[in-house]
Asks: 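Attaching a single structure in structure tokens format; questions to follow.
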Amino acid sequence: PVVKLKAIQYFLAAAQTGSLSAAARQQGVTLQAVAKRVGALEAQLGAKLFQRGSRGLRLTADGVHYAEACAPVAEAAGALAGDSTLSITG
């Protein structure tokens, strides 16, 4: 399945910030846009990437693996676009 780069960017932003709303602010889009893309990504992958709770988002084991796999791709795309907000750190 083809995964859109925006979905990866929004997923990584949410993983980095621990919040869909903070990810939306970081990416300059609406909360609904981030929630829709992350939800569609989870559906496409057939895996929950986040545990959602009152204290925000936490990556599941699948989410950690996906973030590790996607981070180099997003960083390369960000470098090409001159965007440094796409990196994710441990």
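These values consider heavy atoms only, across backbone and side chains, with no hydrogens, waters or symmetry-generated copies. This is a predicted model, so every value here is computed, not measured.
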Asks: For Thr30, which residues count as a side chain to side chain donor-acceptor pair (under 3.5 Å) partner, sequence neighbours excluded?
Replies: none
Asks: Under a 4.5 Å side-chain heavy-atom rule over Ile, Leu, Val, Met, Phe, Trp and Tyr, are Leu41 and Val73 clustered together?
Replies: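 No.
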Asks: For Ser19, give me all partners under side chain to side chain donor-acceptor pair (under 3.5 Å), at least two apart in sequence or on another chain.
Replies: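 Side chain to side chain donor-acceptor pair (under 3.5 Å) check on Ser19 returns Ser21.
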Asks: According to the ring-ring contact (aromatic ring centres under 6.0 Å, His included) rule, which pairs have a member within residues 18-55, sequence neighbours left out?
Replies: Phe11-Phe50
Asks: Looking at Ala23 and Ala14, what are the two nearest heavy atoms and their distance?
Replies: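 Smallest heavy-atom distance, with atoms named: CB-N, 3.5 Å.
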Asks: Under a 4.5 Å cut-off applied to non-hydrogen side-chain atoms, are Leu20 and Tyr10 in contact?
Replies: no
Asks: Only counting residues at least two apart or in another chain, list the ones meeting side chain to side chain donor-acceptor pair (under 3.5 Å) with Arg52.
Replies: Glu42
Asks: About how many Å separate CD of Gln44 and NZ of Lys4, when rounded to the nearest 0.5 Å?
Replies: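 Going from NZ on Lys4 over to CD on Gln44, the span is 9.0 Å.
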Asks: Please list all pairs meeting salt bridge (charged side-chain N to carboxylate O under 4.0 Å, His left out) that have one or both residues in residues 19-37, counting only residues at least two apart or in different chains.
Replies: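 Qualifying pairs: none.
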Asks: Can you list, pair by pair, the side-chain donor-acceptor contacts under 3.5 Å of residues 56-67, counting residues two or more places apart and other chains?
Replies:
residue : atom : partner : partner atom : Å
Arg58   : NH2  : Gln51   : OE1          : 3.4
Thr60   : OG1  : Lys48   : O            : 2.6
Thr60   : OG1  : Leu49   : O            : 3.3
Thr60   : OG1  : Asp62   : N            : 3.4
Thr60   : OG1  : Gly63   : N            : 3.0

